[in-house]
Amino acid sequence: MSTIYDIAEKCGVSIATVSRVLNGSTRVNKKTKEKILSVIEEQHYQPNPFARGLGLDSMKMIGVLCTDVSDAFYATAVSLIENNLKKFDLNVILSCTGYEPEPKYKYLQFLLDKHVDAIIIIGTPFTKSKDISYIKSVAKKLPVIMVNSYIEFPNIYSIACDEKTGMRDIVKKMAAKRCQSILYLYDSLTYSGKQKLDGYKTGIKECGLSDNPALQNKIIRSLETAENIIHKLTIQKVEFDAVITSEDLLAIGAQKALLRINRNIPVTGCNNSILSQCATPMITSLDNRLDVLCESAVDLLTKIMNKTAVPSKIVFPARLIQRNSFIFDDTH
């Protein structure tokens, strides 16, 4: 199935130029128009019927794919991406895969069937090898932009946050406050999850802190499980003097459990979500700069569509947002 991206590439013009020809614009010179129409006929290209039915040109539909739009992180990302796409008169078709373990390539096929001109994938909804192979096959037809994830393959582009360095730096700042046994709670091993875990382990090693396996706990993402693991480790007399979590929600659960037993130790979360500001005391959190990632993903996409050379991966530094649960000294 040919796309407008294929036609533009074959003709050596921008997608906007192909769109103008499809819509009968007089702003394209005769020679270029004839070349584009010839390639369209040769490739048996069929313009997006959905977009054209709305009176739109075919470079108007961008597929956005995430795990679950009811999740605050994904909901924010979808909203940010949609708002930025609107600035370029681009529309969104959203597809959510859910959390079930079955192969999810059908969600990509759904977007292809809607004749989208590019796909933006938020996070890491695909982990099975069959799904990843399918993403690569999709990338042979149209651009794929990944927000805070990465697959190395032509026509797949990544906008990511350096959460590994961010987590390592949190460990170092805690070590500077004489924390020796830092508990880490995490809920997944997605691309982002692995980066955070690697950063924690790197910081522990570089600072010569306790690497007791009992201090690394993979749990379900909920307040209850975070509270329960703190209770369990306390009963088992596992020593820890600080807590880092992969999600703000887990940090809030851990903090609640600690306050219940009158323990006042440093706690940090990740994502800098609204949850971190709603907790009492408010949670210090690693900001993975979702607003910057989403805006940059759309900016990169528009450059690709206009045949501007772009890097395959762009990485932004994370930022630690200080609040009451952990205040560090900037001199360390």
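We use all heavy atoms of the structure for the numbers below, so side chains are in, but hydrogens, waters and symmetry mates are not. Note that the coordinates shown come from a computational prediction; the quantities given were computed from them, not determined experimentally.
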pair L290-N271: side-chain heavy atoms closer than 4.5 Å
no

Taking R289 for the side chain and P317 for the main chain, is one N or O donor matched with an acceptor at less than 3.5 Å?
yes

Electrostatic pair D169:K173 at N-O distance under 4.0 angstrom:
no

Determine the minimum heavy-atom distance between L301 and A118, stating which atoms define it.
CD1-CB, 3.4 Å

Side chain to side chain contact (heavy atoms under 4.5 Å, CB included) between V298 and I62, worked out:
CA-CA 10 Å; V298 173; I62 306 300; over 6 Å; no

Quick check against the 3.5 Å criterion: does D248 have a side-chain atom that pairs as donor or acceptor with the backbone of N272?
yes

Ring pair (Phe, Tyr, Trp, His ring centres under 6.0 Å): which pairs involve residues 173-206, sequence neighbours left out?
Y184-Y186, Y184-Y200

Below 4.5 Å, heavy atoms only, C-beta onward: do N91 and M61 meet side chain to side chain?
yes

Does any pair with a residue in residues 119-143 pass ring pair (Phe, Tyr, Trp, His ring centres under 6.0 Å), and if so which ones, sequence neighbours excluded?
Y105-Y134

I'd like to know whether CD of E41 has more than 12 heavy-atom contacts from other residues, nucleotides or ligands below 6.0 angstrom.
no

For C11, all residues meeting side chain to side chain contact (heavy atoms under 4.5 Å, CB included), sequence neighbours excluded:
I7, V13, K35, I36, V39

Do Y150 and V310 sit in the same hydrophobic cluster, where Ile, Leu, Val, Met, Phe, Trp and Tyr count as joined when their side-chain heavy atoms come under 4.5 Å apart?
no

Test side chain to side chain contact (heavy atoms under 4.5 Å, CB included) applied to S192 - qualifying residues, sequence neighbours left out:
N148, E163, T190, K196

Are I151 and V315 linked, directly or through intermediate hydrophobic residues, by side-chain heavy-atom contacts shorter than 4.5 Å (ILVMFWY only)?
no

Can you sort out the partners of A214 under side chain to side chain contact (heavy atoms under 4.5 Å, CB included), two or more places apart, ordered by chain and number?
N212, V238

Using a 3.5 Å distance criterion without hydrogens, assess whether the side chain of N155 forms a donor-acceptor pair with backbone atoms of L142.
yes

Whether R168 side chain and G203 backbone form a donor-acceptor pair below 3.5 Å
no

Could you report the tightest heavy-atom contact between I122 and P125, atom names first, then the distance?
O-CD, 3.6 Å

Checking L215 against S210 for the side chain to side chain contact (heavy atoms under 4.5 Å, CB included) test, could you report, in this order, the C-alpha distance in whole Å, the side-chain angles of both residues, the deciding distance, and whether it holds?
CA-CA 8 Å; L215 294 176; S210 172; 3.7 Å; yes

Measuring only between side-chain heavy atoms, which start at C-beta, is K307 closer than 4.5 Å to E9?
yes

V138 and its side chain to side chain contact (heavy atoms under 4.5 Å, CB included) partner, picked from L111, I156, I119:
I119

For the atom pair CG (N84) and CG (L90), what is the distance rounded to the nearest 0.5 Å?
10.5 Å

Would you mind writing out the side-chain donor-acceptor pairs for residues 74-82 within the sub-3.5 Å range, not counting sequence neighbours?
| residue | atom | partner | partner atom | Å |
| --- | --- | --- | --- | --- |
| T76 | OG1 | A72 | O | 2.9 |

Pairwise distance OH(Y107) to CG(L65) - rounded to 0.5 angstrom
9.0 Å

Are the side chain of D131 and the backbone N or O of K104 linked by a donor-acceptor pair below 3.5 Å?
yes

Taking only residues at least two apart or on different chains, which pairs with a member in residues 219-244 satisfy salt bridge (Lys or Arg N to Asp or Glu O under 4.0 Å)?
D71-R221, D187-R221, R221-E247, E227-K256, E227-R260

Can you tell me how far the OG1 atom of T17 sits from the CG atom of N29, to the nearest 0.5 Å?
9.5 Å

Look at the side-chain heavy atoms of Ile, Leu, Val, Met, Phe, Trp and Tyr, link any pair under 4.5 Å apart, and say whether Y99 and V64 land in one connected group.
yes

Indicate yes or no: at least one non-hydrogen side-chain atom of D6 is less than 4.5 angstrom from one of Q43.
no

Does anything in residues 261-270 pair up under side chain to side chain donor-acceptor pair (under 3.5 Å), and if so which pairs, sequence neighbours excluded?
none

Would a single hydrophobic cluster contain both I132 and F110, if residues Ile, Leu, Val, Met, Phe, Trp and Tyr are joined by side-chain heavy-atom contacts under 4.5 Å?
yes

Applying salt bridge (charged side-chain N to carboxylate O under 4.0 Å, His left out), name anything that partners D287, two or more places apart in sequence or on another chain.
R319

With heavy-atom distances below 4.5 Å as the criterion, would you say the side chains of T284 and I170 are in contact?
no

Which pair of heavy atoms, one from C270 and one from M167, lies closest together, and at what distance?
CB-CE, 4.2 Å

Which value, rounded to the nearest 0.5 Å, describes the distance between S276 atom OG and M282 atom CE?
8.5 Å

Exercise: identify the closest heavy-atom pair between P143 and I304
CG-CG2, 3.8 Å

Yes or no on side chain to side chain contact (heavy atoms under 4.5 Å, CB included) for E206 and K172, after CA distance, side-chain angles and deciding distance?
CA-CA 8 Å; E206 290 180 357; K172 288 188 171 183; 2.9 Å; yes

Between I220 and L183, is there a shared hydrophobic cluster once you connect ILVMFWY residues whose side-chain heavy atoms come closer than 4.5 Å?
no

Answer yes or no: does atom NZ of K303 have more than 12 heavy-atom neighbours from other residues, nucleotides or ligands under 6.0 Å?
no

Heavy-atom closest contact (Q255 atom, S325 atom, distance)
OE1-CB, 3.4 Å

Can a donor-acceptor pair be found, under 3.5 Å and without considering hydrogens, that links the side chain of S285 to the backbone of I321?
no

Which residues pass the side-chain hydrogen bond (donor to acceptor under 3.5 Å, both in side chains) test with S38, sequence neighbours left out?
none

Kindly write out the residues that satisfy side-chain hydrogen bond (donor to acceptor under 3.5 Å, both in side chains) with S188, not counting sequence neighbours, or none if the list is empty.
none

Of all heavy-atom pairs between N324 and P281, which one has the smallest distance, and what is that distance?
CB-CB, 3.5 Å

Kindly compute the distance separating SG (C207) from CD (Q180), expressed to the nearest 0.5 Å.
9.5 Å

T127: side chain to side chain contact (heavy atoms under 4.5 Å, CB included) partners, not counting sequence neighbours:
T124

Passes side chain to side chain contact (heavy atoms under 4.5 Å, CB included), K201 versus Q216? Steps please.
CA-CA 9 Å; K201 290 181 176 179; Q216 298 176 32; 3.3 Å; yes

The reported gap from OG in S296 to CD1 in I159 (rounded to nearest 0.5 angstrom) is 5.5 Å

Counting distance only, does the side-chain N/O of T67 pair as donor-acceptor with the main-chain N or O of G98 below 3.5 Å?
no

